[in-house]
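As a basis for the values below, the full set of heavy atoms in this structure was taken, side chains included, without hydrogen atoms, waters or symmetry mates.
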Amino acid sequence: MPVYVVTGANRGLGLEFVRQLSQSKDNTVLACVRSTSSDLADLKQASQPNEANTHVLTCDTADLSSIQAFAKQIQKTLGGDCKIDFLINNAAVNSKPEQTSLTIGPEDLTNEIRINVLGPGKTTEFLLAEGVLAKTARIVNMTSGLGSMAVSLGITPRKCATYSISKAALNSLTVQQSGELREEGRLGPKCVVVCMDPGWVKTRMGGEGAILEPEESIGGMLKCIHGLGEGDNGEFYTYTGKEVPW
């Protein structure tokens, strides 16, 4: 029974991940939300086909103490020797899409780095420290085409500067993790870490003009994630499984 962790699970892409993963009762899903006191009606409905094996847990990726508490709770939630097979670091923000490289608000950039880069980094770090990641874990850092230098060069005018910068940093984090998690005494040579661009999806973050339905994006990403081999470590993919230029 594979175990999945999905952060940012109560809306957007995270919600669709839970919806599709819940179609199989063979899956155990840890659906992470910023707060269990928020409206979780959509999440509850999405997980209904596999409600018994879906656990809604608090993990606010903007708060290091929340991430650490979540990591310490995993073993109690899973029980026995169960480990996390798939970690989908999905939670993110694009709070100031109107900002350009010439109008960056220092606090805005700091906030997006904290959530979009440090959040996934510490989630992986704390789960590793608790010994709850499988040796063959697939760790997926959800990025964006806007985090690609090559893709961004082709966009005129440039857009979403703070978000783009944070996702470029997340891509760099992915490369670092892909080497360090394979070192002796950590997960070892069979783990795989990638970053993945979901495409421009019709979610609240995607905004007006988005072209992809969530089910198409998530369906494509799950197919790609389930097909990852050891040689894919450190790569950058789209939801179609196509490699993205850095």
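Residues L146 and K167 are not in side-chain contact: their nearest non-hydrogen atoms beyond the backbone lie 4.5 Å or more apart. Looking at L181 and T124, their side chains come closer than 4.5 Å, going by heavy atoms from C-beta outward. Contact annotation: the side chain of T54 never approaches that of L21 to less than 4.5 Å [non-hydrogen atoms, C-beta and beyond]. When side chains are defined from C-beta on, I218 counts as touching L13, because their heavy atoms get closer than 4.5 Å. Taking 4.5 Å as the limit, every side-chain heavy atom of Q177 sits out of range of all side-chain heavy atoms of N233. Looking at heavy atoms from C-beta onward, P189 lies out of side-chain contact with E230 at the 4.5 angstrom threshold.
Between G147 and N171, the shortest heavy-atom distance links the atoms O-ND2, 3.1 Å. Shown here for S217 and L212, the closest heavy-atom pair between the two residues is CB-CD1, 4.4 Å. Closest approach of A9 to V18, counting heavy atoms only: CB-CG2, 3.9 Å. Looking at every heavy atom in both residues, S144 comes nearest to F236 through O-CZ, 3.6 Å. A168 approaches M149 most closely through the heavy-atom pair CB-CE, 4.0 Å. The shortest non-hydrogen separation linking L15 to A46 is CD1-CB, 3.9 Å.
Without hydrogens or angle criteria, Q68 side chain to T123 main chain gives no donor-acceptor distance under 3.5 Å. Judged by distance alone, with hydrogens and angles left aside, the side-chain atoms of R11 form no donor-acceptor pair with the main-chain N or O of G8 at under 3.5 Å. For the pair S172 (side chain) and A169 (backbone), a donor-acceptor distance under 3.5 Å is absent. D39 places a side-chain N or O within 3.5 Å of a backbone atom of A41 that can act as its donor or acceptor partner. Although no hydrogens or angles enter the test, the distance criterion places no donor-acceptor pair under 3.5 Å between the side chain of S178 and the main chain of V193. Side-chain atoms of S164 never come within 3.5 Å of backbone atoms of C160 as a donor-acceptor pair (strictly under, hydrogens ignored). K135 places a side-chain N or O within donor-acceptor distance of the main-chain N or O of R186, the cut-off being under 3.5 Å.
With rounding to the nearest 0.5 Å, the separation of CG in L127 from CG in L87 is 6.0 Å. Once rounded to the nearest 0.5 Å, the distance linking CD of Q20 with CD of Q23 reads 7.5 Å. Between L78 atom CG and H55 atom NE2 the span is 7.0 Å, to the nearest 0.5 Å. Atoms CD and CG, on E125 and L118 in that order, are 8.5 Å from each other to the nearest 0.5 Å. Remark: T7 OG1 to I88 CD1 distance equals 8.5 Å, nearest 0.5 Å. The CD1 atom of I225 sits 11.0 Å away from atom CZ of R138, with the distance rounded to the nearest 0.5 Å.
Counting non-hydrogen atoms of other residues, nucleotides and ligands closer than 6.0 Å to CD of Q45 gives a total of 12 or fewer. Applying the 6.0 Å contact sphere to CZ of R114 captures more than 12 heavy atoms from other residues, nucleotides or ligands.
A donor atom on one side chain and an acceptor atom on the other are not found under 3.5 Å apart for Q48 and S22. Defined by atom type and a distance below 3.5 Å, a donor-acceptor pair is missing between the side-chain atoms of D60 and S66. No side-chain donor-acceptor contact under 3.5 Å links D108 and T162.
E16 is linked by a salt bridge (Lys or Arg N to Asp or Glu O under 4.0 Å) to R19, counting only residues two or more places apart in sequence or in another chain. Qualifying salt bridge (Lys or Arg N to Asp or Glu O under 4.0 Å) partners for E51, counting only residues two or more places apart in sequence or in other chains: none.
Note: F86 and Y4 have parallel aromatic rings, judged against thresholds of 30 and 60 degrees for the angle between ring planes.
In terms of hydrophobic clustering, with Ile, Leu, Val, Met, Phe, Trp and Tyr side chains grouped at heavy-atom distances under 4.5 Å, I74 and V56 are assigned to different clusters. In this structure, Y163 is not a member of the same hydrophobic cluster as I115, with clusters built from ILVMFWY side-chain heavy atoms closer than 4.5 Å.
Each of N116, N141, N89 was checked for a side-chain contact (heavy atoms from CB on, under 4.5 Å) with L170, and the lone residue meeting it is N141. Paired with Y237 under the rule side-chain contact (heavy atoms from CB on, under 4.5 Å), one option of V244, D197, D232 passes, and it is D232.
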